[in-house]
Amino acid sequence: MCLALLVILLHCSSLKAREVFTINKVEIRADPSLQVPNGDALTILCIADISKSGNFMIEHHFTFFKDGRILSDITSLQNRTEYKIPAARFADTGEYVCMVKAKEKKKKSEVMLVKVTGLPKPKLTALKNMVTEGEELVLKCEVPEEAPPLTFTFQKLLTPGGPVTRTKKELEKNFTTIEIPVEPGDKILRFQCIASVYSAHGMQESAPSDVELVTVVEPFSTPALVIEPSLNVTEGDNVKLVCRVVVRNYDIEIIIQKDKVILNSTRGQNTLTYFTKVSMQDNGNYTCKVELGSVSKEKTVNMVVTELFSKPELIHSAKMIDEGDWLQLQCKVKGLLPVTKISIKTRYLGKDNLLNDSSSFITKAHVNNTATYICTAEINGIIKESDPVKINVYAPVSIPQLWIVPSVRDVILGRAIRFQCQSMYGTPPITYKFFRGNKTVNSSQIFNKLPAEFRDKPTEVGVEQYSCEASNHHSHIRKRSRELNITVIAPVGKVNLISVPKREVEDGKGISFRCYVETGSLPINFKLLKQNNRKPISEDTKMDTEVIWYKETWSKQDSGEYFCEASNPTNIVQRSDVISINVILASWQKVLIALFVLVIIVILGCGGCCWYLWKKRKAKHPSIEMSGSAGVTNSAGVKLEPRQNSDGQYYPGYMDDSENHMKATDENKGPEHEITEVEYTEVEVSTPDPHRAPVQKGTEPVYSEIRKANNDSGENRYSKIESCPDAT
């Protein structure tokens, strides 16, 4: 029995271990559709397709996402669930995803886009149903069902130019308020608003709200402006302007103005009056304006003024009169009534001076009569004046004078010359003309007593003639100055310096310098200078473009670098390139030096010969003879053998050969060899040094006489015999 139970338990355990499943697919759906009208119900379904190895239960975890944000988590043993939205709004538009998780396995559905169309109708509220002109009306528009951000558009209906709209955005609220001023003339105001929303999935706009009505109350009426006695009056009439307004206990201000000029004003009254005696200047529009805060109402009327008499006209003979001619003025007036008073005046800086109390004025013109003239006429208390007339009386110009500034005798070619021309008398403006010869160079008009200034730049060397002419508005006079002669000179051009001979000159001889310029006006001043010496060596002023200097007897001190400077009355100095002059020895100096050197060489040669002969004679009496009659001793006084040195050492075969040779010579001598030559051989032997130790050795020449036959081979045997140093 126990064994059977154990088998059953093991079997059940093996079945549980084989519970295998897989999530095939997760599906998401929208009910009733993917596009839902605003306010309708919306259901989001999530279905999991799972395959299992047996009939066992699995716990499912459903998660709903909208635009990446979690909307809901639902746990169920069923393979489907739903997320319900009772009334869909535009904020519910978006991308939905469902994720199913079972044990350690999970899977997501595809993305589903759901759109909610339309917006609910907004609600518009006016905080006041009755307002006064100039007051601010507050309106509120809201969409309580929707979530921000929202855009609200307010419309003012039934306006002459069409609806007036204002738009306002709200990012954090689903309502907004605005203030709208009430304009003068508004009676009943009608408003409505529209809500709209924008997102990445599109834009939706609501239907207009219900119309909100607001009644406007006037604080005062439109003013009435009356002109008495009528709108058509004549110059000289007395006129009264009356402005009236109906007021509801407000502190209003009334203003009467013509164009932009305020004529009269009052505050706290409902009537304003203005009196005047009209003239032609009063013809035009008059306005009565009533103001209270930002509310302003006005009334404009046009008053027509009939002219009583015309504006006087000042008739003149001419505006520009020559001095000495007649100045004639006459004042004319056109009108139906006789002129009460007429005058001719001059005006200066706004001040009038009476000339004559009649309609005409005549005088002989003088420059003092230059002025502005007017005439005035008066009829029935109305005074009018003519247009001003400017009369200029011109005195003739005097002969002008022309001069150079600054005053110079000559001018330099290419440089500008400054001229001044002036007539001392004459009424400005004076016109000056400037001439070079008969050609007009320039002109200038001067409005004061100052001289006219001109500039000219000569282009040729020589004498130029200049003149100027003066004239004004005088009808006859035009005068010309005397001709001014100007000498134009050119500065010196490039300066050149050459010498003959070039570069080198013998001591004691002369040299020529030629300095010349390529261009330049005469006279020209030439200077010859040595480098680093400010004092000229030569200086000449020539009516020529070149100069030649000759200097005699040059010495070594005259060597150096030379240059030439040239200038003319322009005072512009030009310098040549530097040339080098080297003073060398004269020919006779070279010969003298050569002879002196030759004499020195001869003296030295003679001295050498004499010394040689003296040495030769001295060698005829040697201290040691090669015949052996006297022996050579060493430092100890011991007589040495022919092959011994001062230390008694022998040199094998050294002296033996000499002896053998000498013997052979003697033996072979015949009768024909009786005449013999004497040869001297220098032999160096050791001598004792009395101031040093005995071991120290020196050398001393010893000459030995060797006789040789004339029929010898012709070789002069000369042997130098040195004592060899000892081993030590």
Side-chain angles (χ1 to χ4, degrees), residues 130-137 158-161 164 181-189 214-312 333-341 376-385:
M130 184 177 289
V131 293
T132 306
E133 289 177 339
E135 190 177 349
E136 296 286 340
L137 175 62
L158 302 178
T159 56
V164 178
V182 180
E183 302 291 339
D186 289 339
K187 301 300 181 183
I188 296 178
L189 301 176
V214 178
T215 303
V216 180
V217 179
E218 284 186 320
F220 52 87
S221 64
T222 300
L225 179 60
V226 180
I227 297 178
E228 299 175 356
S230 69
L231 293 177
N232 296 318
V233 295
T234 305
E235 280 185 312
D237 291 347
N238 292 319
V239 176
K240 180 173 72 171
L241 285 79
V242 181
C243 182
R244 295 184 180 90
V245 65
V246 178
V247 185
R248 291 185 175 86
N249 298 323
Y250 290 105
D251 186 18
I252 62 171
E253 184 179 18
I254 304 175
I255 299 172
I256 295 177
Q257 65 185 50
K258 182 180 184 296
D259 298 328
K260 295 182 180 181
V261 179
I262 295 177
L263 304 176
N264 200 4
S265 66
T266 184
R267 182 180 290 276
Q269 304 294 325
N270 59 357
T271 303
L272 178 62
T273 304
Y274 173 70
F275 295 92
T276 185
K277 191 173 199 177
V278 296
S279 63
M280 289 303 296
Q281 288 79 10
D282 297 322
N283 194 35
N285 293 324
Y286 290 81
T287 301
C288 176
K289 184 182 291 185
V290 183
E291 295 179 340
L292 176 64
S294 62
V295 181
S296 177
K297 297 180 181 182
E298 59 185 42
K299 177 66 176 178
T300 300
V301 296
N302 181 261
M303 183 172 65
V304 179
V305 180
T306 303
E307 191 175 38
L308 181 62
F309 64 97
S310 63
K311 185 178 181 179
V333 181
K334 294 180 181 180
L336 301 176
L337 300 177
V339 179
T340 305
K341 185 179 181 181
T376 60
E378 181 179 350
I379 300 176
N380 197 19
I382 299 298
I383 300 175
K384 294 183 180 182
E385 68 177 33

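- Annotation: cation-pi geometry not satisfied between Lys240 and Tyr274 (NZ/CZ under 6.0 angstrom from ring centroid, within 45° of ring axis).
- Between Val242 and Thr271 the shortest side-chain heavy-atom distance falls below 4.5 Å.
- Proximity of Ile188 to Val216: side-chain heavy atoms (C-beta onward) are nowhere separated by under 4.5 Å.
- Atom OG1 of Thr287 and atom NZ of Lys260 lie 12.0 Å apart (nearest 0.5 Å).
- Side-chain atoms of Val214 and Leu137, non-hydrogen and from C-beta on, do get closer than 4.5 Å to each other.
- Under the disulfide bond (SG atoms under 2.5 Å apart) criterion, the residue pairs touching residues 251-299 are Cys243-Cys288, with sequence neighbours excluded.
- Nearest heavy-atom pair, Pro219 versus Leu292, reported as atom, atom and distance to 0.1 Å: CB-CD2, 3.9 Å.
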Does the side-chain contact (heavy atoms from CB on, under 4.5 Å) test come out yes or no for Val239 and Ile227, once each step is laid out?
CA-CA 7 Å; Val239 176; Ile227 297 178; 3.5 Å; yes

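- A salt bridge links Glu218 to Lys187: at least one charged side-chain nitrogen sits closer than 4.0 Å to a carboxylate oxygen.
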Should Val131 and Thr215 be marked as a side-chain contact (heavy atoms from CB on, under 4.5 Å) after you check the CA-CA gap, both sets of side-chain angles, and the distance that decides it?
CA-CA 6 Å; Val131 293; Thr215 303; over 6 Å; no

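- Of the inter-residue distances, the one linking Leu241 atom CG with Tyr286 atom OH reads 6.5 Å to the nearest 0.5 angstrom.
- Here Lys277 does not pair with Glu235 in a salt bridge; the nearest charged N to carboxylate O distance is not below 4.0 Å.
- Across every non-hydrogen atom of Pro312 and Val333, the tightest pair is CB-CG2, 3.8 Å.
- By the 6.0 Å contact criterion, NZ on Lys299 is open, its count of non-hydrogen atoms from other residues, nucleotides or ligands being 12 or less.
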Candidate pair Ile382 and Phe309, rule side-chain contact (heavy atoms from CB on, under 4.5 Å), full reasoning:
CA-CA 9 Å; Ile382 299 298; Phe309 64 97; 4.0 Å; yes

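- Atoms NZ and OG, on Lys289 and Ser265 in that order, are 12.0 Å from each other to the nearest 0.5 Å.
- Put simply, the side chain of Asn270 does not reach to within 4.5 Å of the side chain of Phe220, judged on heavy atoms.
- Between the CD atom of Gln257 and the CD atom of Glu298 there is a distance of 7.5 Å, given to the nearest 0.5 Å.
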Is there a side-chain contact (heavy atoms from CB on, under 4.5 Å) between Ile252 and Val245? Walk through the geometry before answering.
CA-CA 10 Å; Ile252 62 171; Val245 65; 3.5 Å; yes

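- Using a cutoff of 4.0 Å between basic side-chain nitrogens and carboxylate oxygens, Lys297 and Glu133 are scored as salt-bridged.
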Between Lys334 and Glu307, is a salt bridge (charged side-chain N to carboxylate O under 4.0 Å, His left out) present by the stated rule, with each step listed?
CA-CA 11 Å; Lys334 294 180 181 180; Glu307 191 175 38; over 6 Å; no

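- In this structure the side chain of Asn285 never reaches within 4.5 angstrom of the side chain of Met303, judged on heavy atoms.
- Atoms OG1 and NZ, on Thr276 and Lys258 in that order, are 10.5 Å from each other to the nearest 0.5 Å.
- Using a distance-only test at 3.5 Å, with no hydrogens or angles considered, no donor-acceptor pair links the side chain of Asp282 to the main chain of Val305.
- Gln281 and Ser279 are linked by a side-chain donor-acceptor pair at a separation below 3.5 angstrom, with hydrogens and angles left out of the test.
- A 4.5 Å side-chain heavy-atom check between Val182 and Leu189 finds at least one atom pair inside the cut-off.
- Val290 pairs with exactly one of Ile255, Ile254, Leu272, Val295 by the side chain to side chain contact (heavy atoms under 4.5 Å, CB included) rule, that one being Ile254.
- Taken to the nearest 0.5 Å, the OG1 atom of Thr306 stands 7.5 Å off from the CE atom of Met280.
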